[in-house]
Amino acid sequence: MSSFLGRMKEYPYISLDRFDRENLHARAYFLSHCHKDHMKGLKGPFLKRKLHISRTVRLYCSFVTKELLLNNPKYAFWEEYIVPLELESPTQISLVDEASGEKEDIVVTLLPAGHCPGSVMFLFEGAQGNVLYTGDFRLAPGDASRIEHLHSGSRVKDIQSIYLDSTFYDPRFYQIPTRELCLNGISELIGNWINQSSYHVAWLNCKAAYGYEYLFTNLGETFNTQIHVNSLAMFKKMPEILSYITTDRRTQIHACRHPKDEEYFQGNRVPCGCTAADGTPLRIISIKPSTMWFGERTKKTNVIIKTGASSYRACFSFHSSYCEIKDFLSYLQPVNIYPSVIPIGRTLTEVTQMLRLMCRNQSDRSAFVYKPLGVLKRSRVQQPTYGSQSDDELFDGLELVPVRKKMGPNQDAKSGNVPDPAAPPPCESSPLMASDVQSAAQNYFDCTESNGEEEEEDADEEGKGEQGDKDSQTCPAQAPKWEDFFTTETLTDSQNSQSRSCCSASRASGSQTPELFSDEEEAADRAGFSLALSASSSSHSSQNVDSNVADTLILQPGGGASQESSDFEVACTPESTEPQPEELLLLYRKLASGEDVITRKGSQGSS
DNA sequence: GCGATCAGGT
DNA sequence: CACACCTGATCGC
């Protein structure tokens, strides 16, 4: 459980995920996701009064979080004070002391967190440096490298501090099977059961919390059915979820709940009390999603465990495993890391010490270090733009660009959604989204490949130039977009980062994949290819442009509803012939990622 | 009557 | 195995 008190050293005027005590005086609030333990004080009467008086205090969150929050009448008073932000859209916020008029500007960017619908991490950039607050998150190894705004040009941003979801930052939780593995296991179990007869029913014993939705959407898709749930209300504006759930009890997959549902189940009833029309007794199995973890050397990672005659536990995790966290941290190498959770049986001191090893200065490199950038999967359907020509953007215009096949909004949805059973054992993250969500999320990431096709390791984006030179403030006007529903699920190509990850898919799946890099080897490997480049912290020299929200400036170069960010558009260079210093860097990066540097070039577009 | 907190449950 | 709740008891206002 989060022990984060709500404020960060660097930016003490803002409060995140805590709304009580000192946080009552914050100049701005941030909510990373809609779980109760991150909403302490949020319905408090003090806050209510303060909002009424204040002209400037607002609550910033994703569109989905706003929707889920306002679904609960207890938080309805927030409605006029919430400023929903799009994912990946740097937004300038003025933090105003209403008494003195003193003001400090900060730029915040919401990044996908993969924890539950609407969950985000907050990247703050301001006078006290770049600070990342992860909220709760589950990202697969390699995912950080695909998040654009953690990069400046082709480099990882200089992160001063990370406020980290350290729930599983303990070697004991070394590996947790990937979402795809877990989902496959659950699908297989359910399929084997409900295919026996129409009286065979599976009950998913989920807790009362957001975060299981991708399970429902994928099972619904796989079995061409809808899952029975208690209420649809909170998803009424999210068709991509809504289409896979129902309040009609006549379905073979239930995720409904009842205060005495365990008792019900013992009495061979589903929580909703549904029975077969002809009186035939149902054959019910219960499947309880719960976290399972495995040690470093554990090869066999069974994701389904039978716990009774018709009861099962199925692996499911909202949080990153130890090695997923390590991968994340070792990629970003912040100066400081602050744990927001102390794992059970640990002390703050222990966790802090372990985290210190992941801090930049502990990697015996005092300079900020270049690291290979993973593929920024963007398949936005639009013509490529040729980026800033500034000389210091080393990778401008290179042909590293393989923004893979662009597809229509729906074209990929089905194919990407259901894992191919014939494909090799899946590895890291997987496309576990509902098709509509998936296509929405495509605005940000390519989510086609899910099953191990080789992919580029290289950065394929160009640097962000001057940020604030466009004044296209957007009013997130029209229908809310739900692309921040599990956007991380679309980061499908983490296979290509396995060799750099501290835990490989072969461990997770017990499969035959041979490579097993130890952390030490990996560190050495990377260090060997490190080029000392200075990190230019992006200067958000944005002018004060009107925005729909006072003191809030949405920094969106592309402007408009499409959230286009031409800063990151990949230059689709037809022929790139001149051997440039940049190409050398490209080569280094390919080498660092273990790619075949000789044969790659011609095959870029084919993945 | 309300909210906050804790214990105990899934 | 933990998580993110929920319920119920107790306390203070």
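Per chain, numbering begins at 1; letters A, B, ... match sequence-line order.
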Give the nucleotide from the list [options] with an atom nearest to the side chain of [X].
{"X": "A:Asp136", "options": "C:dC5, C:dC1, C:dA4", "answer": "C:dA4"}
{"X": "A:His319", "options": "C:dA4, C:dC1, C:dC5", "answer": "C:dA4"}
{"X": "A:His115", "options": "C:dA4, C:dC5, C:dA2", "answer": "C:dA4"}
{"X": "A:Ala208", "options": "C:dA2, C:dC6, C:dA4", "answer": "C:dC6"}
{"X": "A:His35", "options": "C:dC1, C:dA2, C:dA4", "answer": "C:dA4"}

Over how many whole Å does the gap from [X] atom [atom1] to [N] atom [atom2] extend?
{"X": "A:Phe173", "N": "C:dC1", "atom1": "CZ", "atom2": "C1'", "value": "8 Å"}
{"X": "A:Asn230", "N": "C:dC5", "atom1": "CG", "atom2": "P", "value": "15 Å"}
{"X": "A:Asp165", "N": "C:dA4", "atom1": "CG", "atom2": "C1'", "value": "13 Å"}
{"X": "A:Phe294", "N": "C:dA2", "atom1": "CZ", "atom2": "C1'", "value": "14 Å"}
{"X": "A:Asp17", "N": "C:dA4", "atom1": "CG", "atom2": "P", "value": "12 Å"}
{"X": "A:Phe318", "N": "C:dA4", "atom1": "CZ", "atom2": "P", "value": "7 Å"}
{"X": "A:Met292", "N": "C:dC1", "atom1": "CE", "atom2": "C1'", "value": "10 Å"}
{"X": "A:Lys36", "N": "C:dT7", "atom1": "NZ", "atom2": "C1'", "value": "14 Å"}

_Plane angle bin for A:Tyr174 and A:Tyr322 - parallel if under 30°, tilted between 30 and 60°, otherwise perpendicular_ = tilted
*Once the angle between the rings of A:Phe122 and A:Tyr133 is folded into 0 to 90°, is it parallel (under 30°), tilted (30 to 60°) or perpendicular (over 60°)?*
parallel
*For the residue pair A:Ala144 and A:Phe328, what are the closest heavy atoms and their distance?*
CB-CD1, 3.8 Å
*asked:* A:Asn71 and side chain to side chain contact (heavy atoms under 4.5 Å, CB included): which single residue from A:Lys237, A:Met234, A:Lys66 fits?
replied: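 Checked A:Lys237, A:Met234, A:Lys66 against A:Asn71; only one passes side chain to side chain contact (heavy atoms under 4.5 Å, CB included): A:Met234.
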*asked:* List the residues meeting ring pair (Phe, Tyr, Trp, His ring centres under 6.0 Å) with A:Tyr13, not counting sequence neighbours, and say none if there are none.
replied: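 Here no residue qualifies.
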For nucleotides 3-10 of chain B, tabulate all protein N/O to nucleotide N/O atom pairs closer than 3.5 Å, reporting atom names and distance.
| from | atom 1 | to | atom 2 | distance (Å) |
| --- | --- | --- | --- | --- |
| B:dT10 | O3' | A:Glu262 | OE2 | 2.2 |

*For A:Arg257, report the nucleic acid contact type (base, sugar-phosphate, nothing); a contact means any heavy atom under 4.0 Å.*
nothing
_Under 4.0 Å, counting only non-hydrogen atoms across every strand here, what does A:Ser317 touch: a base, just sugar-phosphate, or nothing?_
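The residue A:Ser317 makes no contact with any strand.
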*Pairwise distance OG(A:Ser2) to CG(A:Asp165) - rounded to 0.5 angstrom*: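 Rounded to the nearest 0.5 Å, the OG-CG separation comes to 8.0 Å.
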_Along DNA chain C (nearest heavy atom to each residue), the more 5'-positioned of A:Ser2 and A:Ile305_ =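 Whichever sits nearer the 5' end wins; that is A:Ile305.
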Would you be so kind as to tabulate the donor-acceptor pairs closer than 3.5 Å made by side chains of residues 281-294 of chain A, with sequence neighbours excluded?
| from | atom 1 | to | atom 2 | distance (Å) |
| --- | --- | --- | --- | --- |
| A:Ser290 | OG | A:Arg313 | NH1 | 2.8 |
| A:Thr291 | OG1 | A:Phe316 | O | 3.2 |

